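Given the structure is predicted, the values throughout are model-derived calculations rather than measurements. Proteins get letters first, then strands, A, B, ... in listed order; numbering begins at 1 in each.
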Amino acid sequence: MSVQSETKTVDNGVNVEALLGAREALSEMPVAAEFTWRASCEWMGGAHSRSTVEGFFGLGEEKKHTKAFTFDADHPREFAATDAGATPLEMVLSALASCLTAGIASVAQNRGIQLRSVKATVEGDMNMYGVLGIDPDVRNGFSAIRINFDIDADATKEEIAAVVAQSQRRSAVFDIITNPTNVRVSVA
Amino acid sequence: MRRATTVIIGAGQCGLAMSRELTGRGVDHVIVERGRIGESWRSGRWDSLRLLTPNWMSALPGQDMPGDDPDGFMHTRELVSRFDLLARTIGAPVMENTRVVSVAAAGEGYRVQTDQGAIACGNVVIASGACAVPKVPGFASQLPASVAQFSPLTYKRPSDLPDGGVLVVGASASGLQIARELQMSGRQVLLAVGNHLRMPRRYRDADILVWMHLLRLFDEPFTKADDIERVRRTPSLPLIGDPSNRTLDLNALQDIGVEVTGRLAGIDAGRALFSGSLANMCAAADLKMNRMLERIDAWVSGKGFGPFVAPAERFAPTRVTDEPRLSSRLEADGIRSVIWATGFNPDHSWVHLPVFDRKGRIRHHGGVAGNGLYVMGLPYLRTRRSVHIDGAGRDARALARHLVRRLDNRLAA
């Protein structure tokens with residue numbers, strides 16, 4: 001009986017070789033690893049605002065996305081607003097899901113796991129007594145965030161759970177949400 | 001069962017002031033006090049504490065201003081001896097060492113159950129103090145067992161703390177004062193600053209409270225306050241009653257070596273996590289202070305007093321380091337004690353009456369909480385003065401008048 005070693009080609013659309021190469025290059029050049037991400041935001045009236053992201057700093061120089069991306073944010077009609085976009089809160093939830101999802105794709109690629117579909121649902125609970133200033137004991141932000149992944153992949157349940165756990169360990173947005181950050185607000 | 005027209009619960013500045021008013025109006029009453037007269041001021045304060053209000057603002061009803069210096073600050077020991085003097089002068093009917101177990105409705109009036117028996121009465125005046133229970137966050141229980149915990153009610157003096165660093169949580173009057181005292185004692189203090197107010201002790205040749213008095217900020221009645229809920233939760237003025245008239249702000253604390261950081265957000269596996277909002281908290285406190293100074297300046301120019309007082313000045317902004325610390329591994333950082341200077345609640349747990357709001361606070365209208373039920377000494381009960389020593393007399397007069405009018409109406413009916 002002959003045993004044939006199985007060679008599978010995994011493609012999650014992530015260029016792991018390039019990422020690992022970048023990791024190696026950056027560990028030699030700490031300055032290049034310092035990135036600054038930016039967004040600009042302009043008031044459109046009422047609760048409606050439009051953010052634009054285009055340039056960022058990294059690898060020691062100014063960089064640009066292939067094009068400028070814009071995001072409209074607003075409040076829903078329940079708050080007497082125009083509902084011209086997602087709420088900033090929903091953007092935070094989306095950012096968390098997107099960050100973890102990108103991480104899952106990379107980790108799975110690196111571990112040779114083919115993904116067929118990754119779907120996430122995120123929920124954030126919030127008591128309006130905080131932002132409305134009704135009760136100082138209620139925080140303004142989410143009291144809890146839940147994210148659930150539904151993943152179809154060529155892997156065991158445990159392997160998938162391990163991929164998700166690892167993506168959480170390396171997620172920038174997960175870190176931003178779960179740990180404090182110094183924030184400075186200034187007026188020009 | 002013993003009977004009285006009125007039972008006053010608590011023999012502090014409010015209870016004694018009310019007793020004086022009722023005696024003057026011929027209303028028979030008894031004061032029930034869990035310990036000795038002024039017990040909270042005897043046992044629930046730290047050793048060095050002086051009143052934040054100068055002597056001219058700290059007289060008890062019917063008494064002269066304490067001390068020789070109107071701008072001096074009375075030690076709490078002296079306040080307690082003045083309580084004793086007031087009680088003797090008015091012959092206050094105080095039942096000391098009597099703890100109230102419950103106050104419940106009974107017939108037309110109330111039944112006050114104490115550990116020395118029950119008293120039936122028509123009126124109850126709750127004057128048991130605003131600062132009975134420290135508001136300690138739930139995550140306090142997650143502190144490592146090796147870290148000693150104190151509140152401003154249990155903290156007495158630096159030497160009671162284990163050697164090592166101290167985390168002081170909260171930067172209103174108590175937190176600022178205790179942080180200063182501990183740092184001066186040679187301990188390294190880390191101060192976690194949440195909501196914060198800033199105020200100079202003196203401005204333009206006068207105590208800041210003189211100016212606030214002249215601007216009539218202390219006299220606005222509760223019925224005129226924009227958002228009474230909000231003003232009622234404003235903490236004590238961030239001042240220290242120190243003979244040197246020193247200003248106690250975050251710059252002064254940083255000058256002596258206190259490390260300042262953001263609000264304590266939680267404890268996670270022995271690690272304290274601090275909010276990154278310090279810069280914003282400090283900027284807001286500076287803006288608010290400057291608005292107050294502008295109001296004072298406008299008042300001074302409006303009255304033409306400019307030439308007679310020091311010129312207007314603005315103080316350096318609160319210094320915030322580039323990267324305030326966001327966490328501390330308490331044990332590794334040598335922090336051996338935590339002081340919870342995070343505010344207080346009154347203890348009204350023994351009030352068995354349907355008078356509470358959803359947050360467990362007694363609902364009241366300027367101290368009137370129900371038929372014959374009164375509460376005193378709470379923040380902005382009737383004016384901002386309600387928590388000052390000299391606010392007790394005014395509030396007692398207004399509420400005694402209400403109480404007597406109600407008795408008269410019932411007799412007439």
Report the donor-acceptor contacts between chain B and chain A below 3.5 Å as a table, one pair per row.
{"unit_1": "B:Gly276", "atom_1": "O", "unit_2": "A:Val183", "atom_2": "N", "d": "3.0"}
{"unit_1": "B:Thr321", "atom_1": "O", "unit_2": "A:Arg184", "atom_2": "NH2", "d": "2.7"}
{"unit_1": "B:Pro324", "atom_1": "O", "unit_2": "A:Asn182", "atom_2": "ND2", "d": "2.9"}
{"unit_1": "B:Arg358", "atom_1": "NH1", "unit_2": "A:Asp135", "atom_2": "OD2", "d": "3.2"}
{"unit_1": "B:Lys359", "atom_1": "NZ", "unit_2": "A:Asp135", "atom_2": "OD1", "d": "2.7"}
{"unit_1": "B:Lys359", "atom_1": "NZ", "unit_2": "A:Asp135", "atom_2": "OD2", "d": "3.0"}
{"unit_1": "B:Lys359", "atom_1": "NZ", "unit_2": "A:Asp137", "atom_2": "OD2", "d": "2.4"}

**Message:** If the condition is side-chain contact (heavy atoms from CB on, under 4.5 Å), which residues does A:Ile176 pass it with, not counting sequence neighbours?
**Reply:** none

**Item:** Closest-packed option against chain A by number of heavy-atom pairs under 4.5 Å, given B:Pro137, B:Ala265, B:Gly276, B:Ala283
**Value:** B:Gly276

**B:Leu326 versus A:Pro180, closest heavy-atom pair with distance** = CD1-O, 3.4 Å

